[in-house]
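Take a look at the structure below.
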Amino acid sequence: MPFFDTNIHRVLHRVFFGPDVPAATAKPKEIQVLASGLVPPGRGWAWNQAVMEFGALRCTARRPACPECPLRAHCRAHPKMLEVLAGVPRAQKKARAPKYEDSNRYLRGRVLAHLREEAASDGLPLPDLARRLRGDAADVEPVRLKAVVESLERDGLTKVMRPTERVGDHLAVAEERAPYAAGSEREDAAEIRVSLP
């Protein structure tokens with residue numbers, strides 16, 4: 001009994017029915033019936049593995065090795081397969097995933113790192129923080145930076161001073177030491193503050 005996968009379907013379709021692109025001319029059921037008659041008795045596993053591997057390595061979907069194919073003399077797709085494939089439009093490439101350096105997770109880490117550098121100061125204005133981040137090759141929109149700072153506050157990693165807690169013309173943000181840091185070398189670290197517009 002033949003196992004049936006995409007590679008086996010492609011090889012059998014090309015050899016017995018012709019090109020499978022832009023659309024298959026044989027139905028999957030037809031190819032499955034054909035495959036059932038091709039499997040040598042008692043050799044089903046080896047036959048399945050061989051045809052599947054042939055489809056994965058030689059008779060591939062987009063770049064079949066037709067010129068070197070040992071089946072080319074018997075293949076109905078061979079004379080025109082490469083020409084047909086050349087006329088089929090390629091699928092659009094998927095958009096690449098954003099780089100880690102463009103993620104909010106990375107920006108949060110950079111914000112905390114800069115806040116830690118300012119441990120002895122009374123605060124770090126948000127525009128100054130934005131300038132420092134540009135030095136890290138991260139050009140951050142003020143709205144995004146404010147959102148990141150507020151997300152750090154929600155996670156208990158920073159403290160945002162509200163309008164009633166204004167320092168000059170700015171809101172302030174301070175990194176608070178984690179409760180588990182008591183007794184550590186950082187216990188004497190002063191509050192780290194950042195000003196928000």
Please list, chain by chain and in numerical order, all residues satisfying side-chain contact (heavy atoms from CB on, under 4.5 Å) with [X], sequence neighbours excluded.
| X | value |
| --- | --- |
| Glu53 | Leu57 |
| Pro41 | none |
| Val111 | Leu107, Leu115, Leu129, Leu133, Leu145, Val148, Val149, Leu152 |

List the atom pairs, donor and acceptor, that lie under 3.5 Å between side-chain atoms in residues 70-85 and the rest of the protein, sequence neighbours left out.
{"from": "Arg72", "atom 1": "NH1", "to": "Pro67", "atom 2": "O", "distance (Å)": "3.1"}
{"from": "Arg72", "atom 1": "NH1", "to": "Cys69", "atom 2": "O", "distance (Å)": "2.9"}
{"from": "Arg76", "atom 1": "NH1", "to": "Phe16", "atom 2": "O", "distance (Å)": "3.4"}

- prompt: Between Glu150 and Lys146, is there a salt bridge with N-O shorter than 4.0 Å?
  reply: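 Salt bridge present between Lys146 and Glu150.
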- prompt: Which residues pass the salt bridge (Lys or Arg N to Asp or Glu O under 4.0 Å) test with Arg10, sequence neighbours left out?
  reply: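 Counting only residues at least two positions away or on another chain, Arg10 forms no salt bridge (Lys or Arg N to Asp or Glu O under 4.0 Å).
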Partners passing side-chain hydrogen bond (donor to acceptor under 3.5 Å, both in side chains) against [X] (at least two apart in sequence or in another chain):
| X | answer |
| --- | --- |
| Asp155 | Arg108 |
| Asn104 | Arg144 |
| Thr25 | His13 |

field: Shortest non-hydrogen contact between Cys59 and Val11, atoms and distance
entry: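 For Cys59 and Val11, the tightest heavy-atom pair comes out as CB-CG2, 3.8 Å.
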- prompt: How close do Tyr100 and Tyr106 get, heavy atom to heavy atom, and via which atoms?
  reply: O-CB, 3.1 Å
query: Side chains of Phe54 and Asn7: does their closest heavy-atom pair fall under 4.5 Å?
result: no
field: Flag side-chain contact, heavy atom, 4.5 Å: Ile8 against Ile31
entry: no
- request: Mind jotting down which residue pairs meet the salt bridge (charged side-chain N to carboxylate O under 4.0 Å, His left out) criterion with at least one end in residues 20-36? Sequence neighbours excluded, please.
  value: Arg14-Asp20
query: Between atom CE of Met52 and atom NE2 of His9, what is the distance when rounded to the nearest 0.5 Å?
result: 15.0 Å
- prompt: Between the main-chain N or O of Gln32 and the side-chain N or O of Ser36, is there a donor-acceptor pair closer than 3.5 Å?
  reply: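 Side chain of Ser36 to backbone of Gln32: a pair is present.
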